[in-house]
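By convention here, the first residue in the shown sequence is residue 1.
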Amino acid sequence: MERITILQFTDPICVWCWGNEPVMRALDFLYGSKVRIEYIMGGLIEDISSLYDIKGDKDNAIHHANTIMKRNWRIAAERHGMPVTESDKELFSARYPSSFPQNIAFEAAKRLDSTLSKRFLRLLREATFVHARRTSQIDILIDLATQAGYNAAAFLDEYTTGNAHADFMQDRMLCRRQGITGFPSYLIKNDDTEIIIGGYQNLNTFHTIIKRLSAGHIRPRRIGPSTANLIDFVKRYGSVYPVEVEIVFALDRHQSEMLIKQLIASHKLAAESVGSTYRLTLPPHRPTHQGKEPSRKGKEQMLHKA
């Protein structure tokens, strides 16, 4: 079967890569196995103290770099719609000055299970941008790996003594060979042709390139914005943000909010406030008796029988 491959050149703490998460999810949801998405780690920040031209000692440079970076995150979020933390907690410190640990952690996860590694990357991004966790710390990386479904000891072993670091170096070399100078960048290819595009992209750009590379043979599923389809989308990914609903179902903000509010009011979706937006999940399972909540009389009868 003909298939298109999309490589995203990325870093787990790249705010514009976080902003393109809704598009990556939409591609996965709409194309399924016809489009394969892979991630190439580029290593955005080797040493935060040298990222900006800040005078003073290293501690001062790191503090101001964190401040600048958080400001840039918030500006980016206003455009792409994915949430970023309002916390002033600093991601980088003198002990943790680099994003390389997050890159290497992804490579370790990928070696253990390439499918789970995509869930791990999502959790890694979310922990960074939404929960303000210092995701370069090994204890936090292990926690996220176990959330993704990995065995903690196996992950730690792969991260510390396996080939994850070498894989990361290979990814960085691939970035250089392809002339990648910023994240996200994308290489979209079939068996014969490769197309490279740089920067934050919308879904229609990918639709157009996929159509061109497949001569129109690979098309997205036609999925309308029904309540059933939205519930299926949330069920598939565990948790989603409103902008992800907008993009996958081609809705404007008002339309998506109307649909979401309807499902929240009917208790088919749960919403948790996250900064200026919210996270959608399936509601907790409520125990039922033969598919229905027992009536008061029924409960009394069950207690009497007990």
(message) Check this for me, if you would: do Lys118 and Asp28 make a salt bridge, where the nitrogen-to-carboxylate-oxygen distance has to be below 4.0 angstrom?
(response)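 Result for this pair is no, no salt bridge flagged.
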(request) Using a strict 4.0 Å threshold on nitrogen-to-oxygen distance, state whether Asp143 and Arg133 make a salt bridge. (result)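 Salt bridge between Asp143 and Arg133, a charged N being under 4.0 Å from a carboxylate O: yes.
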[atom1] ([X]) with more than 12 external heavy atoms under 6.0 Å:
X: His207; atom1: NE2; value: yes
X: Arg95; atom1: CZ; value: no
X: Arg74; atom1: CZ; value: yes
X: Arg219; atom1: CZ; value: no

(request) Could you tell me whether Trp73 and Phe129 have their ring centroids closer than 6.0 angstrom? (result) yes
(request) Please find out if less than 6.0 Å separates the ring center of Phe120 from that of Phe106. (result)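 No, the ring of Phe120 stays outside the 6.0 Å limit from the ring of Phe106, centre to centre.
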Heavy-atom closest pair, residues [X] and [Y]:
X: Ser49; Y: Ala61; value: O-CB, 3.8 Å
X: Cys175; Y: Ile40; value: SG-CG2, 4.3 Å
X: Ser136; Y: Pro101; value: O-CB, 3.7 Å

(request) Determine the sole option in Leu30, Thr208, Val248 for which the side chain to side chain contact (heavy atoms under 4.5 Å, CB included) test with Leu203 is passed. (result) Leu30
(message) Tell me which one of Thr128, Ile48, Ile62 satisfies side chain to side chain contact (heavy atoms under 4.5 Å, CB included) with Leu91.
(response) Thr128
(message) Run the side chain to side chain donor-acceptor pair (under 3.5 Å) test against Glu38 and tell me which residues pass, sequence neighbours left out.
(response)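 In terms of side chain to side chain donor-acceptor pair (under 3.5 Å), with neighbours along the sequence ignored, Glu38 is linked to Arg36.
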(request) Take Arg279 and Tyr241 through the test side chain to side chain donor-acceptor pair (under 3.5 Å) and record every step on the way to the result. (result) CA-CA 5 Å; Arg279 181 189 298 108; Tyr241 296 98; 3.2 Å; yes
(message) To the nearest 0.5 Å, what is the distance between CD1 on Ile180 and CG on Leu187?
(response) 7.0 Å
Exam field: side chain [X] to backbone [Y], donor-acceptor pair closer than 3.5 Å:
X: Tyr150; Y: Ser117; result: yes
X: Gln201; Y: Gly198; result: yes
X: Asn103; Y: Gly43; result: yes

Between [X] and [Y], a side-chain donor and acceptor under 3.5 Å:
X: His63; Y: Asp59; value: no
X: Thr135; Y: Gln102; value: yes
X: Asp47; Y: Ser50; value: no

(request) I would like to know whether Gln8 and Tyr39 meet side-chain contact (heavy atoms from CB on, under 4.5 Å); could you show each step before the answer? (result) CA-CA 5 Å; Gln8 185 192 79; Tyr39 296 92; 3.3 Å; yes
(request) Before giving the answer on ring-ring contact (aromatic ring centres under 6.0 Å, His included), spell out for Tyr186 and Phe206 the whole-Å C-alpha distance, their side-chain angles and the decisive distance to 0.1 Å. (result) CA-CA 10 Å; Tyr186 298 90; Phe206 288 98; 5.0 Å; yes
(request) Give the C-alpha distance, both sets of side-chain angles, the deciding distance and a yes or no for salt bridge (Lys or Arg N to Asp or Glu O under 4.0 Å) between Asp167 and Lys110. (result) CA-CA 10 Å; Asp167 289 347; Lys110 187 176 179 180; over 6 Å; no
(message) Apply side-chain contact (heavy atoms from CB on, under 4.5 Å) to residues Phe9 and Cys14 and explain how you reach the verdict.
(response) CA-CA 10 Å; Phe9 297 91; Cys14 168; over 6 Å; no
(request) Name the orientation class of the two ring planes belonging to Phe155 and Tyr159 (parallel below 30°, tilted from 30 to 60°, perpendicular beyond 60°). (result)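 Because their plane-to-plane angle is under 30°, the rings of Phe155 and Tyr159 count as parallel.
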(request) Specify whether His80 and Tyr200 have parallel, tilted or perpendicular ring planes, treating 30° as the upper limit for parallel and 60° as the lower limit for perpendicular. (result)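 The arrangement is tilted - the two ring planes meet at 30° to 60°.
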(message) Test side-chain contact (heavy atoms from CB on, under 4.5 Å) on Met69 and Phe92; report intermediate values, then the result.
(response) CA-CA 10 Å; Met69 186 182 64; Phe92 295 99; 3.5 Å; yes
(request) Using the salt bridge (Lys or Arg N to Asp or Glu O under 4.0 Å) rule, take Glu244 and Arg122 through it: C-alpha gap first, then chi angles, then the decisive distance, then the call. (result) CA-CA 13 Å; Glu244 297 182 288; Arg122 170 71 179 211; 2.9 Å; yes
(request) Let me see the working for Phe100 and Ile45 under side-chain contact (heavy atoms from CB on, under 4.5 Å), right down to the final yes or no. (result) CA-CA 7 Å; Phe100 284 16; Ile45 298 174; over 6 Å; no
